[in-house]
Amino acid sequence: MRGALCLEIARNAMTPISEPELLAALKTTFGYDHLRDGQLEIIETLLGGGDAFAVMPTGAGKSLCYQLPAILSARKTIIVSPLVALMDDQVAALRQNGVGASKIHSHQSYDENADQWRAFASSGPQLLYMSPERLMQPRMLQALQNQSVGMFVVDEAHCISKWGAAFRPEYEALSQLKTLFPDAQIAAFTATADEATRQDIVQKLSDENCRVFVKGFDRPNLSLAVLPKEKLKTRLVDLLEPRRGQSGIVYCLSRKDTDEIAAVLSAKGFQALAYHAGKDGDYRREAQNRFMTEDGLIMVATIAFGMGIDKPDIRFVVHASLPSSMEAFYQEIGRAGRDGEPAETILFYSMQDFIKRQNMIFDGEGEGEFKLLEYKRLEALLGYCEATTCRRMSILTYFDETSAPCGNCDNCLEPPEVEDYSAKAQAIFAAMEQTGQSFGQAHVLDVLKGAQTAKIHQRNHQDLPCFAALAEDPKPFLQSWMRQLIAIGAVRANLARYGALEITEIGAQIQQGQMAFMAKTPKAAKSSSSSRTPSSKATQKTPSLASGEEALFQDLKALRLEIAQEKNIPAYAVFHDSALREFATRKPKTREQFEEINGVGPKKLDRYFEAFSQAIALYVSAHKNG
Ligand code: ADP
Ligand code: ZN
């Protein structure tokens with residue numbers, strides 16, 4: 001079976017396509033020289049007529065897995081996506097490659113939608129993008145019955161499962177597709193789905209013959225770093241200074257922070273925009289459009305921004321405050337570096353933010369069980385922030401994967417000092433026990449410090465044996481130990497008791513001396529302006545250009561922006577950074593030389609050969625004599 005891509009499938013028998021033929025098609029349609037890890041198997045399955053469900057991390061290249069089979073099989077394909085922005089960008093990128101694609105969605109007028117439908121129905125484009133609610137309208141379903149649809153692609157497939165964190169009711173109806181269109185194939189994709197969610201998705205959309213592909217969660221091109229959240233604005237400016245000209249996202253918790261930080265950055269001469277749900281629709285569309293098309297823009301945003309952002313060259317994602325859970329964090333940083341080139345992620349973290357999040361869960365809607373689950377997801381993130389070993393291992397372990405130390409996180413590059421603080425932990429546990437495990441962190445630490453607070457006197461806690469037991473240690477040290485105890489799961493907030501801290505099984509082991517509490521050496525507040533800024537290793541790993549080439553690269557980027565703005569398409573839909581970088585180093589002259597570069601296919605060559613070859617020739621002749 002290897003080598004030939006056609007499987008014996010009665011349902012959709014097709015002419016076999018060999019691997020070299022497939023690669024040739026990849027080059028002629030998309031300009032790419034090779035498939036990425038994991039793509040071949042899925043393409044193979046779909047070309048063979050089978051159903052496929054793939055879990056692949058962001059940026060792995062899911063779209064190509066259905067686009068290429070759809071194009072090669074020349075059969076009509078419906079792509080279901082919940083995100084208008086994503087539909088627009090995908091269709092723009094496909095059209096740039098000369099592939100017929102259309103879309104129907106709520107941001108287009110009735111007439112536009114009607115035109116797009118007519119084009120699709122009258123043998124034009126083979127790929128049609130639309131939202132699940134459009135697709136499942138009776139009129140649409142009926143119209144599609146006459147179109148002999150070959151394949152339905154369900155993007156963001158996890159939205160169909162109630163097990164996942166992002167269930168969308170409008171996705172539920174998609175489970176009728178397999179009975180309504182028994183002859184059509186199903187291809188479903190998502191970046192996140194645990195085992196229970198996966199089974200649910202397959203059961204709803206397909207059957208036991210569906211092939212499931214799960215590609216590891218790891219995104220090795222993303223560097224990971226955590227910084228203490230102190231003097232945030234100053235630190236942020238310092239951090240971004242060497243990253244001027246790169247596209248990035250800064251996530252904030254509140255709308256107010258978003259506006260303020262964007263203003264600070266703008267005042268320092270950065271191209272920064274604020275984005276949150278309080279801005280009106282026109283502003284948001286415009287801001288998003290600028291972010292997608294322009295280079296080097298920083299979007300300072302709440303989580304209202306991000307769904308459906310598939311800009312491939314986002315070079316950093318900074319969290320100015322703690323995300324809601326490990327899942328949310330991983331999804332948010334996942335927007336960086338989709339092009340596979342190095343990108344950085346930096347999280348500013350403080351205990352206050354953790355407590356804020358914790359209270360949001362306590363005060364939020366939902367059943368106790370749901371809250372507990374949410375709290376665990378948040379707690380996992382605290383574990384990540386307080387980790388003393390490889391941060392990637394901490395993420396991957398959470399998602400049930402294993403990995404060796406990555407060498408691309410702050411802890412790997414500069415391992416923090418750890419010491420045995422078991423005696424301190426035991427003092428903390430004693431104070432928790434003597435106060436009946438009924439209080440939060442602030443009170444427990446006050447008791448240990450020997451503070452004279454009203455709360456202490458009301459309860460006569462000044463008479464407890466543990467009172468002032470750690471009076472000699474600076475308060476920030478106590479806070480740091482407590483954080484680390486929570487992070488390793490030795491201490492846990494009891495949700496049913498308004499977050500009162502309790503000693504867990506792990507805590508008991510430390511208490512009884514069966515396990516050591518190895519913790520980071522705390523830094524006093526003053527000295528913790530920490531020099532541990534995230535490594536610039538990631539930046540160094542980006543293929544660096546000689547100064548002359550860098551100048552040409554910048555010229556080419558400017559040209560690309562001009563073209564993109566004129567056509568109102570994302571800049572990367574013209575050429576990716578990686579292709580421009582190769583233009584700058586190899587300085588191709590002929591069409592053949594251009595075509596050797598990854599990302600340059602015949603359609604793009606037709607469109608852009610002239611402009612880019614002229615720009616390069618101009619640069620070369622201007623610098624010949626100087
Ligand atoms: P995902 O949906 O998995 O997050 P995309 O489908 O948006 O990822 O792909 C991410 C980027 O990688 C896109 O810009 C896409 O054009 C590019 N890409 C996909 N496959 C390849 C390939 N085989 N070679 C080079 N670039 C690719
Ligand atoms: Zn690491």
Side-chain angles (χ1 to χ4, degrees), residues 22-23 25-27 29-40 42-43 54-68 79 81 83 85-87 89-90 92-94 96-97 99 153-157 187-192 213 215 217-226 292 306-314 331 333-341 343 345 384 387-397 403-416 534-535 537-538 570-579 582 597-601 604:
L22 186 71
L23 291 178
L26 179 72
K27 182 71 185 172
T29 23
F30 293 96
Y32 296 140
D33 294 336
H34 34 74
L35 286 168
R36 287 198 185 147
D37 196 25
Q39 288 178 325
L40 178 66
I42 301 168
I43 294 174
V55 186
M56 295 165 96
T58 313
K62 289 187 273 298
S63 329
L64 196 83
C65 296
Y66 64 80
Q67 288 170 347
L68 200 55
I79 301 105
S81 165
L83 308 161
L86 195 128
M87 294 189 216
D89 295 338
Q90 294 263 346
L94 282 167
Q96 280 303 299
N97 283 317
V99 177
V153 177
V154 180
D155 203 6
E156 311 282 345
F189 296 88
T190 178
T192 49
F213 302 88
K215 204 167 164 280
F217 248 74
D218 193 16
R219 299 278 314 277
N221 62 320
L222 301 187
S223 74
L224 306 168
V226 176
M292 297 303 283
M307 275 292 262
I309 296 300
D310 64 350
K311 187 175 166 67
D313 56 355
I314 297 175
Q331 191 175 39
I333 61 171
R335 291 173 186 139
R338 274 175 180 245
D339 54 10
E341 298 206 18
T345 79
Y384 171 82
T388 51
T389 53
C390 177
R391 292 200 201 272
R392 195 170 315 269
M393 284 170 64
S394 140
I395 296 181
L396 293 177
T397 310
S403 115
C406 72
N408 195 18
C409 75
D410 50 359
N411 284 348
C412 277
L413 294 169
E414 232 184 291
S535 84
K537 191 180 165 203
Y572 65 80
V574 178
F575 284 119
H576 281 192
D577 278 6
S578 56
E582 273 197 63
I597 289 167
N598 194 19
V600 184
K604 294 223 171 142

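Atoms within each ligand, like the ligands themselves, are counted from 1 in listed order. The residues of the chain are indexed from 1 along the displayed sequence.
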*Check for a donor-acceptor pair, side chain of Arg36 on one end and backbone N or O of Gly59 on the other, with a separation under 3.5 Å.*
yes

_Within the structure, is a non-hydrogen atom of Asp339 found at a distance of less than 4.0 Å from ligand 1?_
no

*Using distance alone, decide if ligand 1 has a nitrogen or oxygen within less than 3.5 Å of any nitrogen or oxygen in Gly61.*
yes

*Counting only heavy atoms, which portion of His34 has something under 4.0 Å from ligand 1: side chain, backbone, both, or neither?*
backbone

*Relative to atom 11 (C) of ligand 1, which among Arg338, Lys311, Met56 owns the nearest non-hydrogen atom?*
Arg338

*Measure the distances from the heavy atoms of Arg36 to every atom of ligand 1 and state whether one is below 4.0 angstrom.*
yes

*Any donor-acceptor N/O pair, Lys27 side chain to Val600 backbone, under 3.5 Å*: yes

*Can you name the nearest heavy-atom pair linking Ala92 to Pro570, along with the distance?*
CB-CD, 4.1 Å

*Counting only N and O atoms by type, is there a donor-acceptor contact under 3.5 Å from the side chain of Lys62 to the main-chain atoms of Gln39?*
no

*the Zn ion (ligand 2) as vertex, arms to SG of Cys390 and SG of Cys409: angle to 10°?*
120°

*Pro57, portion touching ligand 1 at heavy-atom distance under 4.0 Å*: backbone

*For atom 15 (C) of ligand 1, which of Phe189, Tyr32, Phe30 has the closest heavy atom?*
Tyr32

*Considering only heavy atoms of Thr58, which atoms of ligand 1 have at least one such atom less than 4.0 Å away?*
4 (O)

*Compute the angle centred on the Zn ion (ligand 2) spanning SG of Cys406 and SG of Cys412, and express it rounded to 10 degrees.*
120°

*Can any side-chain N or O of Asn221 pair as donor or acceptor with the backbone N or O of Glu341 at less than 3.5 Å?*
yes

*How far does CD1 of Ile395 sit from CG of Asp218, to the nearest 0.5 angstrom?*
8.5 Å

